[in-house]
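Single-structure report; data block below.
Naming: A, B, ... by sequence-line order, numbering from 1 per chain.
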There are 2 protein chains.
Amino acid sequence: MDAEIILGWKISQADELLKSTKLKWVQSKSAGVDYFPLTEFAKRKIKLTTASGLHSRYIAETVAAYLLMENRGLRPVIKNPGVWDEPEVYETSEQTALIFGTGNIGKEIARYCHFFGMKTIGVNRHGMDNSLVTDFDEVISIAEFESAKDKYVADYVINIMPGTRATNGFFNRERMEKIDSGYSFINVGRGTSVVTSDLKKLLADNYIKSAYLDVFEEEPLNPDSSLWHSSKIIATPHISGLMAHFKDNFLPLFDDNLEKYLANEELHNLVDLSTGY
Amino acid sequence: MDAEIILGWKISQADELLKSTKLKWVQSKSAGVDYFPLTEFAKRKIKLTTASGLHSRYIAETVAAYLLMENRGLRPVIKNPGVWDEPEVYETSEQTALIFGTGNIGKEIARYCHFFGMKTIGVNRHGMDNSLVTDFDEVISIAEFESAKDKYVADYVINIMPGTRATNGFFNRERMEKIDSGYSFINVGRGTSVVTSDLKKLLADNYIKSAYLDVFEEEPLNPDSSLWHSSKIIATPHISGLMAHFKDNFLPLFDDNLEKYLANEELHNLVDLSTGY
């Protein structure tokens, strides 16, 4: 094949796809692009655009489902059906969500949390800006988070950061302990951002109360993994952003970008190949 | 004992409690009062007030958890952990909730559904009124529902009607088939409103897609019941209205009613003993 534009990408076909010597632009169907050969793209000046924004509401709905399941005591009930006991429930309107990643998806998650009456704190590379004031009560930079002397207090720690060199292994024991004990951990970003063995230890020690994991260091997750079967964990198979009508949602984005491409205008959702998102 | 006012009620102690010859007023801690001896109360002119309004947000959160679990494909995944397959997901913003019961709880459920982008149709005894226009796009009366020739179309059928003689066995096969096939059934009202054998048949026939049941004809639900273990059903042990800080929420309501009682004013949330709610 000798395409100039590719819509979509498959890791298993990457070598074949990269044979297109005229390749100028790849439009990804996903928001995350960590599975692309970014160095090769940079070397060959191939433009890469994401589907960022498309999945936001769906991922926010999934996070909302996790969060309300936890607060309404549904996790222990569903994990152990048949027991007629009152589970612990939690007062959503008193809670704080600490959201790592304040892009389209993080903002939408914060909007849902706000509707539920929660306080929202964002964590990103640069701190608060005008685009974030509506959805976040507070935004701190990663640097502030790293250097804080007191522990942060949150009921939910939600990861939606992209998978990059900078976020690889970010949630290790040290960083997860920078937040006071008793929180639930939600990962709808990338499995590679979490040191799974550290997360398991913190769950076993009851430092972290529960975890809702949609992404894993290794995917697909082994059917025998304790992550599937622990009563403290709800695991789902990388589905948080699935949508019922993908094409209907995706094609307008591609059409718009195609027009821009043909008119030689700057593309929407263009990836900075040096940072990887 | 010889109390004039009783706060709370226990079925197992009803005989004892009714010995109080001076008993004038009972303030229930629950919204539903179908477990009270209403005829006896009427005969003796004992006033009964409910905790209606207190549980609304919590029940709405539980319904929201059910609904988003279903739409995000979480039910089959959690019911069968270990399988790395994409489940069916559903587009919330295209959906309709048919909500039976438009009191405090029904309205709050509708408010959540609206936030999620859904269309909300209420069903009650009298149809639309001014207090309902914000949360419901449409309200029909039970009589209209009963007499409609075409099937109603809804993605979620949510029952929050009180347990009364009028609602006993309401959701039988005939009425559940007045709504077009493919919907999910949510019951956070009373188990007695549903003919469980009919519901089971409609689920087995795939007429009803799934069910989220918090209340049952017989409670506690038998640990071996298929309602706990079917992959089409999420069953929870009558917990939809549980709250983390019940006293903090309840005491202001009681204080307020106590003042009214002492001043001989009309009590808040007074039950009409003839209709039972």
Side chain, backbone, both or neither of [X] within contact of chain B (heavy atoms, under 4.5 Å):
X	result
I239(A)	both
A64(A)	both
R111(A)	both
V89(A)	both
M243(A)	backbone
E94(A)	side chain

Which of residues 216-225 of chain B get closer than 4.5 angstrom to chain A, counting heavy atoms alone? F216(B), E219(B), P220(B), L221(B), P223(B)
For the atom pair [atom1] ([X]) and [atom2] ([Y]), what is the distance rounded to the nearest 0.5 Å?
X	Y	atom1	atom2	result
I78(B)	R75(A)	CD1	CZ	11.0 Å
D248(B)	E91(A)	CG	CD	9.5 Å
L74(B)	E61(A)	CG	CD	10.5 Å

Looking at residues at least two apart in the chain, or sitting in another chain, which of them share a side-chain contact (heavy atoms from CB on, under 4.5 Å) with K107(A)? S131(A), L132(A), D135(A), F136(A)
With sequence neighbours excluded, residues passing side-chain contact (heavy atoms from CB on, under 4.5 Å) with N257(A): W25(A), Q27(A), T49(A), K260(A), L267(A), H268(A)
How close do P237(B) and D85(A) get, heavy atom to heavy atom, and via which atoms? CG-O, 3.5 Å
For P81(A) and W228(B) the tightest heavy-atom approach is CB-O, 3.6 Å
Of the listed S240(B), A60(B), A65(B), A235(B), the one with the largest count of heavy-atom pairs under 4.5 Å with chain A is A65(B)
Under 3.5 Å, side chain of R72(A) to main-chain N/O of L242(B), donor-acceptor pair present? yes
Quick one: which of G117(A), P87(A), G73(A) has the most heavy-atom pairs under 4.5 Å with chain B, could you say? P87(A)
Specify whether F115(A) and Y112(B) have parallel, tilted or perpendicular ring planes, treating 30° as the upper limit for parallel and 60° as the lower limit for perpendicular. perpendicular
Listed partners of Y212(A) passing ring pair (Phe, Tyr, Trp, His ring centres under 6.0 Å), at least two apart: Y66(A)
